[in-house]
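Here's the structure we're looking at; comments come further down.
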Amino acid sequence: MPYPDLMVAPMREDLTRLGFRELRTADDVDGILENTADPVLVVVNSVCGCAAGNMRPGVALSLRSEVVPPVLTTVFAGQDTESTARVRDYFTGYPPSSPSVALMKDGELVYMLERHQIEGRGPEAIAEDLKSAYQEHCAPEAA
Amino acid sequence: MRGAGPSWAGLALILLLGLSACGFGRSGPSASEQRAPCDSLAAQAIDAEDLGEARRLAARASDCYSGLQTAR
């Protein structure tokens, strides 16, 4: 059963304030991932306390680097059920995981940070992993 | 005289409803209530303009979440 919107709203806003676009439907997901050649960051947000609580500031810190994905998107697991299921169709080879962070390029998954790589780690460590992925896949020479 | 006032069962029901309305019997704050201060720190970290401040607040949020897990 989804959590009340009132409870989830601040967790959504943690990302939307940073410029993340919320994908609420399967069409939203396809529209972005099928039609964007630039790297797209997809954050699977979650209520899941400590992991998601560390993930969101970790993502925020990672975006303070010089090289960042030009397109920022998010779905909310357990809330945006249709769009979450659809993005997971793109995460080939990975079991459903939330919270998680994926980097897509030309509709293909090029990097995935799963929940087990988030749990028990602080925002700085999460940010460092993400920054390395941005450097590898989003730097001009990686295009 | 029997039947003139509320029965013992009725009194017990009224007492139970009253205590429930006052939150009696709750085992303590919910998980989301316990997490709220940590979530607040995380949100402040996200909003902080200064990178050093953002890092400091993010670390405090992380410690806060770790404290919750330890307490469980």
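Just so you know, these numbers come straight off a predicted model, no measurement behind them. Note that these values count all heavy atoms, side chains included, but never hydrogens, waters or copies made by symmetry. Below, chains carry the letters A, B, ... as their sequence lines are ordered, and counting in each starts from 1.
The local environment of CD in A:Glu108 is sparse, with at most 12 non-hydrogen atoms from other residues, nucleotides or ligands closer than 6.0 Å. The environment of A:Arg12 atom CZ is dense: over 12 non-hydrogen atoms of other residues, nucleotides or ligands sit within 6.0 angstrom. Atom CG of A:Asp5 has 12 or fewer heavy atoms from other residues, nucleotides or ligands within 6.0 Å.
What you find for B:Arg35 and A:Val47 is that their closest heavy atoms are NH2-O, 3.6 Å. Between B:Ala43 and A:Arg17 the shortest heavy-atom distance is O-NH2, 3.9 Å. For the pair B:Ala58 and A:Pro123, the tightest heavy-atom approach, listed with the atom from each and the gap, is O-CG, 3.5 Å.
A:Val75 and A:Val101 fall into different hydrophobic clusters, where Ile, Leu, Val, Met, Phe, Trp and Tyr are joined by side-chain heavy atoms under 4.5 Å apart, directly or via other members. A:Leu63 and A:Val40 sit in two unconnected hydrophobic clusters of ILVMFWY residues. Membership requires side-chain heavy atoms under 4.5 Å apart, directly or through other members. When the side chains of ILVMFWY residues are joined at heavy-atom separations under 4.5 Å, either directly or via intervening members, A:Leu103 and A:Leu18 end up in a single hydrophobic cluster.
Rounded to the nearest 0.5 angstrom, A:Glu13 CD and B:Asp47 CG are separated by 10.0 Å. Note: B:Arg56 CZ to A:Glu124 CD = 13.0 Å, rounded to the nearest 0.5 Å.
Across B:Cys38, B:Ala48, B:Ala45, the residue that shares the most heavy-atom pairs under 4.5 angstrom with chain A is B:Ala48. Ranking A:Gly120, A:Ala51, A:Gly53, A:Pro10 against chain B, the residue ahead of the rest is A:Gly53, based on heavy-atom pairs under 4.5 Å.
Residue pairs meeting the disulfide bond (SG atoms under 2.5 Å apart) criterion with at least one member in residues 81-124 of chain A: none, sequence neighbours excluded.
The parts of A:Arg56 that come within reach of chain B are both its backbone and its side chain, each placing non-hydrogen atoms under 4.5 angstrom from that chain.
Inter-residue side-chain proximity for A:Leu61 and B:Leu51 is flagged as met; some heavy-atom pair is nearer than 4.5 Å.
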